Structures are given as C-alpha cells and as structure tokens.
Number of protein chains: 2
Amino acid sequence: MAGKRVTLADVARRAGLSSTAASMILNGRPDTRLSQDAHDRVIHAAAELGYRPNLTARGLRTERTDTIGFISDVVATTRFASGLIKGALDNAHAAGHVLLVLETAGEPQREAEAVEAVLDRQVDGVIFATMRSRELYVPPVPDGTRVVLLNATNEQHPVSVLPDEYAGGRAAIELLAEAGHREGILLLGHDAEKERGLFRSMTVARRIAGIRDAMAERSLAFLAEESIWLWEPQNGYAAMTKLIKRHGRALQAIVALNDRLAFGAYQALAEAGLSVPGDVSIVSFDNDELAAYMRPGLTTIALPHEAMGRAAVDAVLDPDRTGEILVPMPVVERDSVAHVS
Amino acid sequence: MAGKRVTLADVARRAGLSSTAASMILNGRPDTRLSQDAHDRVIHAAAELGYRPNLTARGLRTERTDTIGFISDVVATTRFASGLIKGALDNAHAAGHVLLVLETAGEPQREAEAVEAVLDRQVDGVIFATMRSRELYVPPVPDGTRVVLLNATNEQHPVSVLPDEYAGGRAAIELLAEAGHREGILLLGHDAEKERGLFRSMTVARRIAGIRDAMAERSLAFLAEESIWLWEPQNGYAAMTKLIKRHGRALQAIVALNDRLAFGAYQALAEAGLSVPGDVSIVSFDNDELAAYMRPGLTTIALPHEAMGRAAVDAVLDPDRTGEILVPMPVVERDSVAHVS
DNA sequence: GGCCGGTGCTAAATCGATTTAGCAACACGC
DNA sequence: GCGTGTTGCTAAATCGATTTAGCACCGGCC
C-alpha cells in the first residue's frame with residue numbers, strides 16, 4: 001500500500017465542506033444543524049477515501065487514546081499470567097480498546113519505569129497484575145487515571161479483581177463430601193501449625209480458610225496436613241512418598257493445594273502401586289494445562305484467569321465499578337475423585 | 001499525585017528560554033549554538049519540574065511513537081506464544097520501546113482490524129506472530145511501516161524470524177547416536193509414507209528433514225515410524241501402547257516430535273513396565289513446561305521462544321536486518337537418554 | 001424597514017511537541 | 001564606516017484531529 005494516510009482535511013475537501021463539519025458528522029455529534037445532504041457527502045467521501053482517524057492526533061486533543069496499560073510482574077512463565085492477558089485482550093477488543101503490555105519482574109524500579117512509559121503515551125487507564133497475589137506497590141499516578149489491581153490489592157486504589165478463593169476452597173471440600181469421603185483426607189501443601197504467622201499470599205489464605213470452614217461445618221478433620229513451601233511436582237512427590245509410607249491404606253483422599261503438587265502425588269501413588277481414584281481420590285486447585293494431561297484427568301478448582309482479565313478491563317472502563325470484584329472459580333470435574341459409600 | 005502534567009513550555013518558562021531552545025537542548029540536538037548556560041538552565045528546570053515529554057504530541061509531529069504492534073493469532077494457550085511475547089517485551093524495553101499486543105485467533109477479519117488498530121496509533125513497526133508456523137496472510141500495510149514475521153513467512157514481507165528446525169532435527173539424532181543408539185529407534189509423530197503430500201507446517205517439515213538427513217548420514221534407519229496427526233498426550237499414549245505390543249523389547253529409543261507426545265509415551269511405557277531410560281531412551285522437541293516435571297526429566301530440543309521474540313524486535317528496529325533469521329534450538333539434556341555400548 | 005431567531009456552516013484556537021526560517025548583536029577585515 | 005560572518009537565540013509553522021465562537025443568510029413579525 002502506498003501514499004500517505006487520508007486525513008480529515010482530505011475528506012472535508014472531497015465533500016466540499018470544512019473539516020469542522022466533517023469532524024462533527026463522523027463523530028455523530030448531536031445537535032449540529034448540518035444538513036442531511038452534508039452528512040451524506042461526508043460519510044460517502046470518508047468511505048470512498050478509506051479514511052481512518054489518526055488516533056495520535058485525536059489523543060492529543062481529547063486526552064483519550066482508547067489504550068489501556070497492562071503492567072504485570074510476569075507475563076510468560078505461567079498459564080495464569082498469559083490467561084489474564086488473554087482475557088484482558090478479549091474485552092479490550094470488544095470495547096474498541098487496545099492493550100499496552102509491559103513486564104516488570106516485580107522490581108520497583110521497572111514498575112516505576114513502566115508506569116511512566118504508559119502515562120507518557122496517555123493511556124486511559126492502567127491495570128496492575130501480579131502472579132502471586134499480594135498487596136502491590138503502585139508508583140504514583142496522576143489523579144485522573146483509572147487504576148485497577150488484578151490479582152492484587154492496594155490501599156490507595158480500591159478497585160481489585162480477585163478469584164473467589166474462599167468459595168473455591170469450600171467447593172473442593174463439598175465435592176469430596178458429596179462423593180462420600182469423610183475420613184482419611186490429607187491436606188497437601190499446608191499445615192496450620194507449621195505455617196502459623198507465615199504469610200503466603202492473600203488469596204491462598206482465603207482458599208485455606210474456605211477449606212477449613214467447609215471441613216468444620218461437616219465436622220470433618222484431616223488425617224494429616226503436610227506443609228510444603230514450594231508447590232512444585234518434585235516436592236509433592238517427595239512429600240507423598242513419605243506420607244504413603246506413614247499412613248498406608250488409611251489414606252483415602254487428597255486435597256492438593258495446586259495441580260503441580262497433585263502431579264507429584266500421582267507419581268508417588270503410581271510408584272506405590274496405588275491407583276487414582278480407585279484407592280485414593282484427589283482434588284486440587286488451578287486447572288493447569290497439566291491437569292488435562294494427567295491420567296486419570298485431574299478434578300480441580302480452576303483459577304479463572306481469563307475471566308479475571310476480562311473483569312479487569314471492564315473495571316477500568318466503567319468508573320462506577322469499585323471495591324473487590326470476586327470472580328468465581330469453576331469446578332472442573334474430571335476423573336480423579338471416586339464415589340465411596 | 002495531582003495537578004496537570006508539566007509541559008515543555010513550563011520548562012522553557014522556568015529556564016527563561018523559548019520552548020524551541022528547551023526542545024533542542026533536551027533532545028541533545030547537535031550543532032545548535034545554545035550556550036552552556038542555557039543547557040544547564042533547561043536541564044535543571046526539567047529535572048526540578050519532573051518533566052516528561054508527551055509522546056502523543058511528539059508522535060504527531062515526528063511520526064515515531066516508540067511503540068511496536070505485536071499481532072498474534074494466539075497469546076495464551078501455549079507457553080510458546082507467551083514466550084514469544086516475553087522475549088519481545090524484553091528487547092522492546094531494552095530499546096525504550098513498548099508493545100501494543102493484539103490477538104486475532106487467526107481470523108482474517110480480526111487480523112485486518114488489528115492492523116488498522118495499530119496503524120491508527122502510528123506504531124513504528126508491526127510484528128506478526130503465529131503459533132503454527134506458516135505462510136501468513138498480512139493485511140495491506142503502508143509502505144513505510146516495517147513488518148516482521150515471527151514464526152511465519154510472507155511473500156511481500158521478507159523479514160522472518162524462525163527457529164532453526166533443520167539443525168534442531170539433526171541435533172536430536174546426533175544426541176542419540178552419540179549415546180550409542182544405532183537400532184530400535186522409533187519416530188513418533190510422523191510417517192513419511194502416510195503423510196506424503198500433507199502439509200503440516202513449514203518448520204516441522206524442516207525438523208523432519210534434519211532428522212532424516214542426520215539418520216541417513218549415519219546409515220541409520222528407523223525401526224518404525226508412526227504418524228500421529230494431533231500431537232497430544234492422549235494420542236501419544238495410544239500410539240505407544242500399540243507400538244510396545246507390536247515391537248516389544250526391540251524398541252530401544254524414541255524420537256518424539258514434541259514433548260506432549262513424549263509425555264503420552266512415558267505413560268504407556270510405565271504401564272507396560274518399561275523404564276526410561278533404562279529400557280527405552282527418549283528424545284523430544286519443544287521443552288514444554290511439562291518436560292521438567294516428568295520423571296525422569298525429558299531430554300528435548302528446545303523451541304527458543306524468548307530468543308525468537310527478542311530477535312523479532314531487533315529486526316523491527318534495525319532496518320538492515322532482512323531475510324530469514326534463524327534462531328538456534330538449544331539441546332536441553334535431562335535424564336531420558338541412556339548411553340548404550 | 002428593522003429586529004429577532006433559527007439554520008447551516010466555517011475560521012481559528014487548541015492540544016504539546018518538533019522544526020524551519022530568520023532576527024539581533026557583535027566581531028572582524030579592510 | 002561598511003559589508004560579512006558568527007553567535008545565540010526565538011517566532012511561527014506544523015502534525016491531525018476536536019472544539020469554541022461566531023458569521024451570513026433567510027423568514028417572519030410588528
């Protein structure tokens with residue numbers, strides 16, 4: 001494609017009108033007294049010339065750019081991070097906006113740079129996202145700019161989008177209880193005693209609270225709780241190998257605090273000759289890509305990353321949305337939980 | 001933070017000079033004859049007021065926005081997609097640029113919209129990325145705009161960044177050969193006969209060519225080749241279950257065409273009571289997240305997603321880069337290949 | 001005939017930068 | 001004392017849109 005871009009002035013000239021008239025007509029301004037004929041001529045000329053407004057120029061005048069800054073500590077390492085982006089992208093597209101994506105690695109220096117980079121480009125709003133949910137430092141932002149925290153909170157900016165972890169935690173226990181499990185349940189990843197006073201993350205705390213409340217309501221107690229600091233497959237494998245030795249067949253169900261731990265548990269159970277869900281049921285959290293690949297498929301409470309990303313964009317664009325926006329965590333039932341009588 | 005942004009005019013006023021002078025000084029323009037004193041005053045005033053140029057305004061005048069459009073068919077579903085973005089983000093940041101990320105789901109309609117959306121915002125260049133490497137349709141783009149294809153090619157735009165799949169394919173075979181494997185090698189995922197005339201993807205074709213050339217050079221032949229159209233764990237599992245039955249202990253090594261197939265193969269081997277790498281060695285491609293979680297760790301030829309993303313940004317910013325830019329695929333050695341004598 | 005109000009449109013200012021063109025003051029050479 | 005350069009700086013144009021303020025014309029009414 002060659003030549004320069006068509007400008008509003010070109011359209012106006014072609015229509016035999018001023019660019020004032022062309023601007024008003026193309027923006028559908030109400031209460032202008034421009035004739036029907038003028039409307040027709042401008043719209044026709046614009047179509048004919050393939051006119052598209054230069055948003056840089058418009059932005060300069062209107063201070064609106066139809067662009068949202070999406071600043072994240074991490075974008076690639078987890079499916080969660082990219083899910084947030086995808087959801088945000090979807091709703092931004094639907095609203096005719098576009099996303100400026102920046103990564104900070106969680107370093108305050110880069111966070112500050114990122115904020116400046118997006119403000120220099122006059123974004124309409126900023127979304128701050130984190131992997132590990134937490135109270136997030138937000139560099140100073142001018143008053144008018146709308147800020148939404150995604151999977152994070154901040155005192156000065158009260159608009160946060162979070163997964164409804166409390167309800168998710170309850171759902172995991174409800175699922176096991178409805179399948180008839182009442183005994184021999186193991187909590188893999190957290191021990192109330194050992195981790196007392198340690199801060200893991202805001203949302204994980206709620207997840208665990210949901211689990212414990214649902215247990216208590218049903219007068220259920222865990223057979224064992226195993227604290228694991230890093231929720232990686234290797235650690236899940238090691239912990240489960242030990243626990244199988246200790247508890248043997250008393251072990252009937254596992255609540256794993258994420259899918260990677262569950263994956264490690266599968267490996268340990270297979271080595272010990274125990275089958276899932278025949279001998280042991282497992283329910284977990286996150287719905288990692290992994291969960292679908294495992295055999296049998298892992299039943300898990302999904303982290304609703306895309307829905308969260310979508311909610312964040314909606315919140316940026318709707319000035320009335322405020323406070324904590326909780327996004328439900330869907331229960332993804334596969335084949336790792338057996339019914340017992 | 002309150003109040004309006006500081007403008008160049010504010011800085012100039014404070015320094016007691018014209019904004020022309022302030023602009024020239026802050027941009028480090030050569031050959032202006034402005035005094036050292038004027039320099040000091042402007043720089044001092046800018047620092048004092050915390051001046052940051054409005055890039056929208058600058059962009060309007062200079063037609064440069066320090067912004068690159070990153071248009072991808074998919075951003076979230078695979079680690080590959082998000083790796084490309086992360087790499088691009090890294091080098092964009094290093095070069096003081098920022099990325100406008102858009103997703104198209106591979107639909108021409110959305111591709112066209114995406115191009116218009118980024119051009120309307122006067123980006124300095126556009127990167128088109130795909131998951132499945134292919135000749136990509138690129139909507140018309142004005143002459144001056146630099147276009148780079150990432151994991152794709154296009155006739156009109158000769159700048160492409162691709163993984164060096166041919167060398168990667170060779171590397172897989174070299175690895176097995178050096179470990180002493182000469183017989184009982186299975187190619188999992190492709191059968192030359194069955195797939196004749198079918199087009200999978202440009203890069204996969206090169207991968208397979210590298211594999212076959214390296215085999216031929218060493219006068220090696222596959223024990224069997226198994227065509228699998230969709231490279232998912234379930235299909236790898238099914239195919240391997242069948243192949244183990246058919247070939248038994250003759251099977252000594254597997255070249256899996258991606259890690260998800262290898263994962264399925266692991267499951268089938270474990271069920272058949274065969275150990276990796278004791279009974280069967282496996283080498284694979286991609287270096288999915290999965291590969292590190294598997295037991296034993298999977299040796300695989302990595303898809304260099306981040307390096308590719310970085311290379312794409314470099315190519316956009318350097319007008320001299322042209323043609324195919326091949327990014328090496330690193331060999332990631334874990335524990336799935338045994339030495340045999 | 002003059003005033004009023006409505007209709008249909010446009011000139012010019014504006015956003016915040018960059019860039020072009022050129023002015024005033026001074027030194028120098030002859 | 002007069003042209004010629006150099007030095008140090010600025011006024012104004014420009015990019016492409018939006019928006020403010022207001023002009024010219026017409027018809028109707030007294």
Side-chain angles (χ1 to χ4, degrees), chain A residues 3-42 45-46 49-67 116 119-124 142 144, chain B residues 3-42 45-46 49-67 116 119-124 142 144:
Chain A
K4 284 212 235 30
R5 258 180 98 96
V6 175
T7 70
L8 185 64
D10 296 331
V11 173
R13 200 170 310 122
R14 174 81 151 225
L17 288 166
S18 68
S19 35
T20 305
S23 171
M24 289 170 150
I25 289 170
L26 291 175
N27 287 307
R29 218 169 195 256
D31 303 327
T32 77
R33 297 175 303 244
L34 295 162
S35 65
Q36 185 57 50
D37 180 53
H39 276 79
D40 293 348
R41 268 154 46 216
V42 166
L49 298 174
Y51 170 70
R52 308 215 90 224
N54 178 329
L55 297 189
T56 307
R58 172 184 289 172
L60 180 57
R61 183 76 237 253
T62 61
E63 315 213 290
R64 300 195 57 257
T65 51
D66 291 359
T67 302
E116 307 221 299
L119 292 178
D120 290 351
R121 289 170 177 81
Q122 309 244 102
V123 293
D124 297 341
Chain B
K4 283 212 234 33
R5 258 178 97 97
V6 176
T7 69
L8 184 64
D10 297 331
V11 172
R13 201 170 310 119
R14 175 81 150 227
L17 287 166
S18 69
S19 36
T20 306
S23 171
M24 287 170 152
I25 289 171
L26 291 175
N27 287 307
R29 216 167 196 258
D31 303 328
T32 77
R33 297 175 303 241
L34 295 162
S35 64
Q36 185 57 49
D37 181 53
H39 276 79
D40 294 347
R41 267 151 52 214
V42 166
L49 299 175
Y51 169 70
R52 307 216 92 224
N54 178 330
L55 297 189
T56 308
R58 174 183 289 172
L60 181 57
R61 183 75 239 254
T62 61
E63 314 214 289
R64 301 196 55 256
T65 51
D66 291 359
T67 302
E116 307 221 298
L119 292 178
D120 289 351
R121 289 169 177 81
Q122 309 245 103
V123 294
D124 297 342

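Note on naming: letters A, B, ... go to the chains in the order of the sequence lines (proteins, then strands), and numbering restarts at 1 for each one. Everything quoted here is computed from the prediction, not taken from an experiment.
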**Q** Indicate for each nucleotide in nucleotides 14-22 of chain D, in 5' to 3' sequence, whether protein heavy atoms under 4.0 Å reach the base (B), only the sugar-phosphate (S), or nothing (-).
**A** BBBBBBB--
**Q** Could I get the full list of salt bridge (Lys or Arg N to Asp or Glu O under 4.0 Å) partners for A:Arg52, not counting sequence neighbours?
**A**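 Partners of A:Arg52 under the salt bridge (Lys or Arg N to Asp or Glu O under 4.0 Å) test: B:Glu116, B:Asp120.
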**Q** Could you list all the salt bridge (Lys or Arg N to Asp or Glu O under 4.0 Å) pairs where at least one residue sits in residues 14-25 of chain B, not counting sequence neighbours?
**A**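 Passing the test, one end in residues 14-25 of chain B: B:Arg14-B:Glu48.
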**Q** Name all residues meeting the salt bridge (Lys or Arg N to Asp or Glu O under 4.0 Å) criterion together with A:Arg64; count only those two or more places apart in sequence or in a different chain, and write none if there are none.
**A**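 A:Arg64: salt bridge (Lys or Arg N to Asp or Glu O under 4.0 Å) contacts with A:Asp66, A:Asp124.
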**Q** Is there a donor-acceptor contact under 3.5 Å linking the side chains of B:Thr67 and A:Arg121?
**A**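 Short answer, yes.
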**Q** What would the secondary structure line of DNA chain C be in dot-bracket form, counting Watson-Crick and G-U wobble pairs under 3.5 Å, with [ ] for pairs that cross earlier ones and | for pairs with another strand?
**A** ||||||||||||||||||||||||||||||
**Q** Mind checking side chain to side chain donor-acceptor pair (under 3.5 Å) for A:Thr32 and listing every partner two or more places apart, or none if nothing turns up?
**A**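 Applying side chain to side chain donor-acceptor pair (under 3.5 Å) to A:Thr32 gives none.
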**Q** Taking atom P of D:dG8 as reference, at what distance in whole Å does atom CG of B:Leu17 sit?
**A**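 Going from B:Leu17 (CG) to D:dG8 (P), I get 13 Å.
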**Q** Take atom CG of B:Asp31 and atom C1' of D:dC9, then tell me their distance rounded to the nearest Å.
**A**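 Rounded to the whole Å, the gap is 15 Å.
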**Q** So, using salt bridge (Lys or Arg N to Asp or Glu O under 4.0 Å) as the criterion, who are the partners of B:Arg58 when residues are at least two apart?
**A**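 B:Arg58 satisfies salt bridge (Lys or Arg N to Asp or Glu O under 4.0 Å) with no other residue.
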**Q** For residues 17-25 of chain A, which side-chain N or O atoms pair as donor and acceptor with protein atoms under 3.5 Å away, sequence neighbours left out?
**A**
{"from": "A:Ser18", "atom 1": "OG", "to": "A:Thr20", "atom 2": "N", "distance (Å)": "3.4"}
{"from": "A:Ser18", "atom 1": "OG", "to": "A:Ala21", "atom 2": "N", "distance (Å)": "3.1"}
{"from": "A:Ser23", "atom 1": "OG", "to": "A:Asn27", "atom 2": "ND2", "distance (Å)": "3.4"}

**Q** Return the value, rounded to whole Å, for the distance between atom CG of B:Asp37 and atom C1' of D:dG8.
**A**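 Going from CG in B:Asp37 over to C1' in D:dG8 covers 12 Å.
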**Q** Using the test salt bridge (Lys or Arg N to Asp or Glu O under 4.0 Å), find all partners of A:Asp37 that sit at least two apart in sequence or belong to another chain.
**A**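 So A:Asp37 forms a salt bridge (Lys or Arg N to Asp or Glu O under 4.0 Å) with A:Arg41.
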